[in-house]
Undergrad: 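Submitted below is the structure of interest, expressed as structure tokens.
Each chain gets a letter, A, B and so on, in the order its sequence line appears, and its residues count up from 1. What you see below is based on every heavy atom in this structure, not just the backbone, and it leaves out hydrogens, waters and symmetry mates.
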2 protein chains.
Amino acid sequence: MSNVTIKLLAERLNLSTATISKALCDSHEISIATKERVLALAKELDYVPNPYAGSLRRNKSKTIAVLIPEVADSFFSLALNGIEEVALEKGYHTLIYLTHEKLEREKSILKSLSGGRVDGVIMSVTVETASFEHIKEFNRHYPIVFFDRVCKEIDTAKITTNDFECGYMATKHLIEAGCQKIALISISNSLSIISERTEGYKKAIEEFGLNEDCCPIIDFPDEPGLEYGIIRKMMSSSNRPDGIVATGEKLTTPIYLVCQQMDINIPKDIKVICFSNQSSAIILNPTLTTITQPAFEMGKKAASVLLKSLKYNSLILTEESTVISSTLIARGSTVC
Amino acid sequence: MSNVTIKLLAERLNLSTATISKALCDSHEISIATKERVLALAKELDYVPNPYAGSLRRNKSKTIAVLIPEVADSFFSLALNGIEEVALEKGYHTLIYLTHEKLEREKSILKSLSGGRVDGVIMSVTVETASFEHIKEFNRHYPIVFFDRVCKEIDTAKITTNDFECGYMATKHLIEAGCQKIALISISNSLSIISERTEGYKKAIEEFGLNEDCCPIIDFPDEPGLEYGIIRKMMSSSNRPDGIVATGEKLTTPIYLVCQQMDINIPKDIKVICFSNQSSAIILNPTLTTITQPAFEMGKKAASVLLKSLKYNSLILTEESTVISSTLIARGSTVC
DNA sequence: ATTTTTTACTTAATCGTTTAAGTAAATTTT
DNA sequence: AAAATTTACTTAAACGATTAAGTAAAAAAT
């Protein structure tokens, strides 16, 4: 802690602490001469207000929390970047919590925040978040803005991308590239975004009249490391798909590696499109066709919405929900 | 804010707030019966202490700050992951601040923290951080642990990797793979880590008797976007290098792309080794030989050191400095 | 010249904790 | 049985800010 307090300034200037406090926030009750003296001394002594004293008194912490599954992920790190940018600009501080996809962690973090540590929360739920009571309870006292992985059941602002449409677009893109047997693979089927993408995929499959039996939907179990086996199995099946929609960036590596190992040529033997924000997409071989989410913008928007609601003390902000479109960037993995 | 306070519990139980407070921290001054009553009611009403009241009183925030240049970077996001893991485990909260390589931002963030918002800081300086007075000043009041990009001039714990050795190793690796004209390219030459790596590179060049005139050291200017031109120029020079040591992961993409565009084969025409933690290294074509830093471990170690010092209230922790070795992983970009 | 208003402050309460110091009753020691 | 100690509390101050309410002096209005 810095030991320069309002009290010290008051003593030095023979004024009351109230005068100092008011002078510092430029109150009209204080004479210009006094304000100048106060400001000068404050500057000289490098006075920085104790944030917690203020927070306690005002019941406002000027702090928000970001709850995300992980940060070593292009999407989430870009989103965090956007959030931090807006927060810093508006004078807010950003606490970061990683849930590592664990519901228990999500619960205990929210619990620990509920004593007033933050003014609001921006979050993306875990794959395990199937019940929402803990979030609802928290939301009774604090504003929440969801981004990407939302809770439909909770009535608040949600910043998402057009997942359904993108599932459709991705699949359509493969179909137009000549695929007939398109597999969809996901890291989880419990997430809202994944089911949206899956629905879009199904719509395209149906609309273009593909044989659904040849279009498997594969969800990975929670334990990591099993991806390879599952993908390898899929690739060795008698009815191997000729197209893959991968709904998460984590899937790129196993798909590329298995294809390499099994000598399956992308895009000749199988075309791949991946929901991914990885900047390396353009230097993979072949370059990867992606659905790129507006991660940074989503983060910025989520923070803007939350901070605006805090500014005006308005709790309800469902109408602030925004859908920002992702972009399909066609590259070598779907174009022969 | 939650409206359940110690005062409320006290009223409900006809006890003083002091008794409640002591009961909650299991003080020996309170009878077991009373403790049980307090705990039961606290649980029933979902009491969560106001963190700021406690912080104010104890002058401890149980909060640390992480200052990093950016988060959308494999190294820093992995390090943050490690920091958050340790912090959460020890009951600390983690504020995240991105400097975006701007010295001014670093200064103003540290200033804003100096009122007692955090108990300590973990940081990696910006490329612009050539003067250290602001950090030194901050460090007079709060403990700092540096990781990766350290300030040699400041006497505190520094968690680094063996950059010098790795610069040497990387260069030696290229030489052993047959390279004679090795370029070193960096995003900046002002950082301690880069100069370490550069020194290691120089040592290898000298030790193996390469012609120094054919081994250019190239620093990129601050403005992004110029990398391509510089790399392209280097590649078109009459004396094109046959090996590249790239000291940052941001350099992979321009190098690969320029080689592709200019039809220069990696590794046949030029071999590339990159300081990088990108998980996509193994699916690039060719797969990328990397010096992989122990980012997660460095983050964990930095947090451990800081939190330990906070626990024992010990300010000086220079001896806690740790060097964790990076790993050279030879892949396709240096092996024909 | 008196009253009213404005200016420029101060006093004291408050936010929700923690904790040093005090205290009455119960228990133990002598 | 008196003195000393222990138990189980309470009172009140403190952390560093903010702010409602109070006040004396100066300025303005009547």
Side-chain angles (χ1 to χ4, degrees), chain A residues 1-39 41-42 45-63 91 112-119 141, chain B residues 1-39 41-42 45-63 91 112-119 141:
Chain A
M1 40 86 218
S2 157
N3 32 10
V4 183
T5 65
I6 270 191
K7 208 170 151 186
L8 180 75
L9 297 182
E11 278 165 14
R12 292 281 187 96
L13 294 173
N14 263 313
L15 290 168
S16 72
T17 60
T19 303
I20 306 293
S21 174
K22 287 173 184 169
L24 289 171
C25 61
D26 203 25
S27 160
H28 66 94
E29 290 178 58
I30 307 301
S31 73
I32 294 173
T34 303
K35 277 182 196 169
E36 277 168 359
R37 286 206 305 149
V38 172
L39 254 10
L41 188 65
L45 301 184
D46 234 339
Y47 167 74
V48 180
N50 181 309
Y52 299 143
S55 294
L56 183 58
R57 179 62 225 249
R58 303 171 187 269
N59 222 339
K60 287 271 167 278
S61 63
K62 279 276 181 180
T63 304
S112 85
L113 295 179
S114 66
R117 189 174 293 273
V118 296
D119 297 337
H141 304 285
Chain B
M1 39 85 217
S2 158
N3 32 9
V4 183
T5 66
I6 272 193
K7 208 171 154 189
L8 180 75
L9 297 182
E11 278 166 16
R12 292 280 188 98
L13 294 173
N14 262 312
L15 289 167
S16 72
T17 59
T19 304
I20 306 292
S21 175
K22 288 173 182 168
L24 289 171
C25 61
D26 204 26
S27 159
H28 65 94
E29 289 179 55
I30 306 300
S31 73
I32 294 174
T34 302
K35 276 181 195 169
E36 277 169 358
R37 286 205 306 147
V38 172
L39 254 10
L41 188 65
L45 300 185
D46 234 341
Y47 167 74
V48 180
N50 181 308
Y52 299 142
S55 293
L56 183 58
R57 179 61 223 246
R58 301 172 187 270
N59 222 339
K60 287 270 166 280
S61 64
K62 278 275 180 180
T63 304
S112 84
L113 295 178
S114 66
R117 189 174 293 272
V118 296
D119 298 337
H141 305 284

Undergrad: Under 4.0 Å from OP1 or OP2 of C/dT17: is there any side-chain N or O of B/Tyr47 that close?
TA: yes
Undergrad: Just how far, in rounded Å, is C1' of C/dT10 from CG of A/Leu15?
TA: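 So the two atoms are 10 Å apart, to the nearest Å.
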Undergrad: Just compare C/dC15, D/dA17, D/dT19 and give me whichever is closest to any side-chain atom of A/Leu56.
TA: C/dC15
Undergrad: Using a cut-off of 4.0 Å on non-hydrogen atoms, how would the nucleic acid contact of A/Pro51 be classed: base, sugar-phosphate, or nothing?
TA: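 Nothing: the residue A/Pro51, judged by heavy atoms under 4.0 Å, touches no strand.
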Undergrad: Among C/dT17, C/dT10, D/dC9, which nucleotide sits nearest the side chain of A/Thr19?
TA: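 In terms of side-chain proximity for A/Thr19, the closest of C/dT17, C/dT10, D/dC9 is C/dT10.
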Undergrad: Would you list the atom pairs, donor with acceptor, under 3.5 Å between side chains in residues 17-25 of chain B and any protein atom, with sequence neighbours excluded?
TA:
residue: B/Thr19; atom: OG1; partner: B/Ser16; partner atom: OG; Å: 3.0
residue: B/Lys22; atom: NZ; partner: B/Glu29; partner atom: OE1; Å: 3.1

Undergrad: I'd like to check B/Leu56 versus A/Asn50 (side-chain heavy atoms, cut-off strictly below 4.5 Å). Are they in contact?
TA: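 Of all side-chain heavy-atom pairs linking A/Asn50 with B/Leu56, at least one is under 4.5 Å.
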Undergrad: Look at the side chain of A/Arg57 against the base of C/dT14 and say whether a donor-acceptor pair falls under 3.5 Å; ignore hydrogens and angles.
TA: yes
Undergrad: CG of A/Asn50 versus P of C/dT17: gap in Å, rounded?
TA: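 These atoms are roughly 17 Å apart.
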Undergrad: What pairs with B/Lys35 under side chain to side chain donor-acceptor pair (under 3.5 Å), at least two apart in sequence or on another chain?
TA: B/Asp26
Undergrad: B/Leu9 CG to C/dG16 P: how many Å, rounded?
TA: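 Taking atom P of C/dG16 as the reference, CG of B/Leu9 is at 12 Å.
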Undergrad: Quick check: do A/Arg117 and B/Thr63 have side-chain heavy atoms less than 4.5 Å from each other?
TA: yes
Undergrad: Side chain of B/Ser16 only, please: which of D/dT11, D/dA17, C/dG16 is the nearest?
TA: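 Output: D/dT11.
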Undergrad: Could you check whether any side-chain N or O of B/Asp119 sits under 3.5 Å from a backbone N or O of B/Lys60, counting only pairs where one atom can act as donor and the other as acceptor?
TA: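 Not confirmed, B/Asp119 side chain does not pair with B/Lys60 backbone.
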Undergrad: Which nucleotide wins on minimum distance to the side chain of A/Ser31, given the candidates C/dG16, C/dC9, C/dT18?
TA: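 So the side chain of A/Ser31 is nearest to C/dC9.
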Undergrad: Can you list, in residue-number order, the parts of residues 20-30 of chain A that come under 4.0 Å of DNA chain C, counting heavy atoms only?
TA: A/Lys22, A/Glu29
Undergrad: Identify which nucleotide among C/dC9, D/dT11, C/dA12 has an atom closest to any side-chain atom of B/Ala18, counting heavy atoms from C-beta outward.
TA: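 Output: D/dT11.
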Undergrad: Find the distance B/Leu8:CG to C/dT17:C1' and express it as a whole number of Å.
TA: 15 Å
Undergrad: Could you state the atom-to-atom distance from NZ of B/Lys7 to P of C/dA13 in whole Å?
TA: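 Checked: the NZ to P distance equals 13 Å.
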Undergrad: Between A/Arg58 (CZ) and C/dA13 (P), how many Å, whole number?
TA: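 Taking CZ of A/Arg58 and P of C/dA13, I get 21 Å after rounding.
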Undergrad: Are the side chains of B/Asn3 and B/Leu8 in contact, using a 4.5 Å heavy-atom criterion?
TA: no
Undergrad: Please find the pair of heavy atoms, one from B/Ser61 and one from B/Gly116, that lie closest to each other, and give the distance.
TA: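 For B/Ser61 versus B/Gly116, the nearest heavy atoms are CB-O, 4.1 Å.
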Undergrad: Holding to side chain to side chain donor-acceptor pair (under 3.5 Å), I want the full list of residues that pass it with B/Asn14, two or more places apart in sequence or in another chain.
TA: none
Undergrad: Heavy atoms, side chains only, cut-off 4.5 Å: are A/Val38 and A/Leu15 in contact?
TA: yes
Undergrad: With each end axis built from five pairs of C1' atoms, what bend angle do you get for the helix from C/dA1-D/dT30 to C/dT30-D/dA1? Round to 10°.
TA: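 Computed angle between terminal axes is 50°.
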Undergrad: With a 4.5 Å heavy-atom cut-off, do B/Val48 and B/Val4 have their side chains touching?
TA: no
Undergrad: Could you tell me how far apart A/Ile6 (CD1) and D/dC15 (C1') are, to the nearest whole angstrom?
TA: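 Whole-Å distance recorded here is 13 Å.
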Undergrad: Within the structure, does a side-chain N or O atom of A/Thr34 lie under 4.0 Å from either OP1 or OP2 of C/dC9?
TA: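 Affirmative; the distance criterion is met.
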Undergrad: Kindly give the heavy-atom pair with the smallest separation between B/Pro51 and A/Gly115, and that separation in Å.
TA: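 Closest approach of B/Pro51 to A/Gly115, heavy atoms only: CD-O, 3.4 Å.
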Undergrad: Please enumerate all protein N or O atoms sitting under 3.5 Å from an N or O of nucleotides 24-28 of chain D, with distances to 0.1 Å.
TA:
none

Undergrad: Check whether any side-chain heavy atom of B/Tyr47 lies under 4.5 Å from a side-chain heavy atom of B/Leu41, and answer yes or no.
TA: no
Undergrad: Calculate the interatomic distance between A/Asn59 atom CG and D/dT19 atom P; express it in whole Å.
TA: 12 Å
